[in-house]
Amino acid sequence: MVREQAMQSNSMKQPAFDEKGKLKEKILQVEDLQVTFQTFGGVVQAVRGVTFDLHKGETLAIVGESGCGKSVTSNAIMGLIPSPPGKVTNGKVIFKGKNLTAFNKSEFRKIQGVDVSMIFQDPMTALNPTMSIGEQLTEGLRTHHKISKADAKTKAIEMLNLVGISNPHERLKQYPHQFSGGMRQRIVIAISLICEPTLLIADEPTTALDVTIQAQILELFAEIQEKTGVSIILITHDLGVVAKIADRIAVMYAGKIIEIGTKREIFYAPAHPYTKGLLNSVPRLDLLEEELQPIEGTPPDLFAPPTGCAFTARCPYAMEVCSHAYPVETSLFGQHKVDCWLQDERAKGIFS
Amino acid sequence: MIQYIIKRFFMMILTVLLIATLTFFLMHSIPGSPFDEDRTSNPTIQENLEKYYKLDQPLPVQYVNYLKAIVTFDFGPSIKKPNESVNNLLARGFPISFELGIVTILVAVLSGVTLGTLAALRHNGIIDYLAMTFAVVGISVPNFILATLFIQVFAGQLGWLPAATWQSPLHMILPTLALATGPMAIIARLTRSSMLEVMTQDYIKMARAKGLKPSRIIIRHALRNAMMPIVTIMGTMLAGILTGTFVIERIFAIPGMGKYFVESISNRDYPVIMGSTVFYSTFLIFMLFLVDIVYGILDPRIKLHKKEGESS
Ligand SMILES: Nc1ncnc2c1ncn2[C@@H]1O[C@H](COP(=O)(O)OP(=O)(O)O)[C@@H](O)[C@H]1O
Ligand code: SF4
Ligand SMILES: [Mg+2]
């Protein structure tokens, strides 16, 4: 089912290439990003060298089990890593030609909400219960663009219309508790888009919503991207969501991206055993419950991550080399890249 | 809202009547009479006195007279100071007590909230430790000890401030500080924990993601939410400060209501007891009402007019 969805929606989406087949302008490059947290138990290596890039108007999905470092990666891009205990220890985040990891807090404030926006998981807690929707919508705009109250209000109404909230005039005066979960997520989306950012990071934007609302919110994302051309990083552990709106997919495991490629490449030719496992654990309508194959075992401890492939303990194809050395990245066809010894030319020799 | 206020108003009247009734019967159950100290005098004089103050009448009749006094707010003359009416005493003493109480509340809330917020923002830092040490001391040392200590040090040894009476702002410093330290410490601790919790909320993260200034995040987003628990304990705190004024007024020889209230009880000065009790309870209940209104303004989720009838 997921694969079918991937097929169908492909035709509707803008690919990351222009008509001549050339890649579009890169708006974000993340290079070897590493983030650690100092805790009582020791240092958690939450993100251990993440590299990817994002093009204009593209949706990149980051998928992976809970705790693999998806939120930490996105917070690092946004400059929202709480410090202490968190620290970006290495790597670059190049956005519009500037390295964000070298930014201080006040430099970050100039791009937060303006150039880069974020949507959080739970719309029930993301809005301030004691502030009106209108104020929460316009405060970012008024902070960054110094526009008049009336102009900000006009813009706010425009945004509420865009995200599909009726009676925006009256709604502006209301408070979050007067809206349903789905409505609140629409408001959060409106807030994140009001300054017309180039990059939108959505951290599990539909996880807290029920299924019918999920579908509506995903449609809204697609619609907004078409209208505004915003680039989206969509974080999720739900491959169904990915199938609907992603252009490319990055699969994260234990603080690293272990496979990245276009949606087709990942869905039709997954190369990493973990990705294959993930795809097999997606509920399918045509299979019975007991045929579901979740991946057995748990991810490694990030206090002392393994030197070799972090998936070794759970991998059905694990070899001698896997636990000793981290697999070199192999470029497969197109943009498809994977970190697995199975794809290494030398290993291929052994298997064939 | 208006419906709620009307409802609350009737509840308030009912509460005052209840308190007044309780006071009346408690007062009369204490053995002795206002004229005990004058026992040497002629029994006829005593009888005449009781007649004059209508104390010879049966209790139910006295009770009805008393209710009349409450409704007309005229409690007649004091028994001990016959040339002074209770209303006069109130009019003279209350403004001073009120001043002491209000200044104390302002000092306690403003400095408590500031201290608690700073402690939370510098969580586990030096300011945090200092503020919380101060808070523990402030909560555990009673106000009358602080009062004597302050007089000893600042008025006696250092000679910086006057030790007693209520004449200028300078005179207000020591009594206010002695009375405010306890509530301030409680508010500081509560603000700190409440603030720490609020700062981890998603909406604060979202405010950061909007690129807002830290000052706006703290004042506009965090503080208002962090204030809720403080407003909730304001009621009890007001009552505490009110009783505290009795003690502090006595120590600093402040001519407020406290003096008359305490004296009137040991003297069985019935009209003064009744007058000041009714007055104090009305005042306190009104303040609690204000606290509720403030709570409703702070938290839009609370609908005041629904509070009574519905389960929420
Ligand atoms: N503030 C923090 N303090 C300590 N550890 C943290 C903190 N935030 C995240 N981590 C750790 O970083 C790792 C990755 O977390 P996260 O990015 O939130 O995972 P997810 O992929 O589910 O979003 C987890 O192991 C988590 O324990
Ligand atoms: S590198 Fe080895 S352990 Fe890791 S996924 Fe590939 S085969 Fe499995
Ligand atoms: Mg997460």
Side-chain angles (χ1 to χ4, degrees), chain A residues 71 74-75 77-82 84-85 105-133 135-145 173-178 184 187-188 191-192 194-195 197 200-203 208, chain B residues 1 113 117 120-128 191 194-232 292-307 310 312:
Chain A
S71 298
S74 53
N75 287 339
I77 297 170
M78 275 297 288
L80 290 178
I81 296 284
K105 280 187 180 166
S106 77
E107 284 171 309
F108 256 122
R109 277 203 293 279
K110 293 201 186 84
I111 64 158
Q112 282 165 339
V114 193
D115 294 313
V116 193
S117 267
M118 192 150 181
I119 294 170
F120 297 98
Q121 176 168 346
D122 191 353
M124 303 312 269
T125 56
L127 294 170
N128 190 331
T130 61
M131 280 168 75
S132 71
I133 297 305
E135 187 175 358
Q136 298 192 55
L137 256 169
T138 53
E139 62 177 346
L141 198 59
R142 285 169 55 78
T143 304
H144 294 295
H145 294 318
K173 290 181 217 112
Q174 294 186 328
Y175 288 87
H177 71 275
Q178 290 162 297
R184 289 194 210 184
I187 293 166
V188 171
I191 292 174
S192 68
I194 196 161
C195 292
L200 177 65
I201 303 176
D203 190 351
Chain B
M1 185 74 181
V113 167
T117 306
L121 295 180
R122 296 278 174 273
H123 184 35
N124 287 339
I126 291 177
I127 295 180
D128 189 15
T191 305
S194 167
M195 196 72 181
L196 279 178
E197 205 215 289
V198 166
M199 290 309 280
T200 65
Q201 297 291 312
D202 281 358
Y203 55 80
I204 296 297
K205 209 173 166 195
M206 174 120 166
R208 289 214 177 94
K210 284 179 189 168
L212 303 180
K213 285 203 195 80
S215 57
R216 181 173 170 93
I217 295 176
I218 290 158
I219 294 165
R220 193 72 191 85
H221 282 263
L223 214 49
R224 186 163 169 188
N225 288 286
M227 279 304 90
M228 307 291 179
I230 287 124
V231 180
T232 318
D292 266 11
I293 300 270
V294 168
Y295 203 77
I297 292 171
L298 276 185
D299 190 347
R301 285 164 296 187
I302 293 174
K303 289 216 179 63
L304 288 179
H305 57 274
K306 280 190 186 163
K307 215 172 167 186
E310 285 170 19
S312 68

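The chains referred to below are lettered A, B, ... by the order of the sequence lines, with proteins before strands, and numbering in each begins at 1.
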P214(B) side chain near R109(A) side chain, heavy-atom distance below 4.5 Å: yes

Considering only heavy atoms from C-beta outward, does the side chain of K210(B) approach that of Q136(A) to under 4.5 Å? yes

Quick one: which of P197(A), G140(A), A126(A) has the most heavy-atom pairs under 4.5 Å with chain B, could you say? A126(A)

Quick check for you: among G113(A), P129(A), G79(A), which has the greatest number of heavy-atom pairs under 4.5 Å with chain B? P129(A)

Taking T125(A), I111(A), V114(A), T143(A) one by one, which has the highest count of heavy-atom pairs under 4.5 Å against chain B? T125(A)

I'd like to know which of K110(A), M131(A), Q121(A) tops the heavy-atom pair count under 4.5 Å against chain B. M131(A)

Quick one: of V116(A), V188(A), I119(A), D122(A), who has the most non-hydrogen atom pairs under 4.5 Å with chain B? V188(A)

Other residues, nucleotides and ligands only: do more than 12 of their heavy atoms fall within 6.0 Å of CD on E197(B)? no

Applying side chain to side chain contact (heavy atoms under 4.5 Å, CB included), can you list everything that pairs with T191(B), at least two apart in sequence or on another chain? V113(B), T117(B), I187(B), M227(B), I230(B)

Just to verify, what does A222(B) make a side chain to side chain contact (heavy atoms under 4.5 Å, CB included) with, not counting sequence neighbours? M195(B), V198(B), M199(B), I204(B)

Here the pair of heavy atoms bringing A209(B) nearest to M118(A) is CB-CB, 4.3 Å

Given side chains that start at C-beta, do those of N128(A) and R224(B) come closer than 4.5 Å, heavy atoms only? no

Measuring from atom OG1 of T130(A) to atom NE2 of H221(B), what distance do you get when rounded to the nearest 0.5 angstrom? 8.5 Å

One thing to verify: whether R216(B) and E135(A) come together as a salt bridge, which I'm taking to mean a side-chain N less than 4.0 angstrom from a carboxylate O. yes

Bottom line for I191(A): the part with an atom under 4.5 Å from chain B's heavy atoms is side chain

If every non-hydrogen atom of M206(B) is compared with every non-hydrogen atom of F120(A), which pair is closest and at what distance? CA-CE1, 3.5 Å

Using a cut-off of under 4.5 Å for heavy-atom pairs, which of Q174(A), K105(A), E139(A) has the most such pairs with chain B? E139(A)

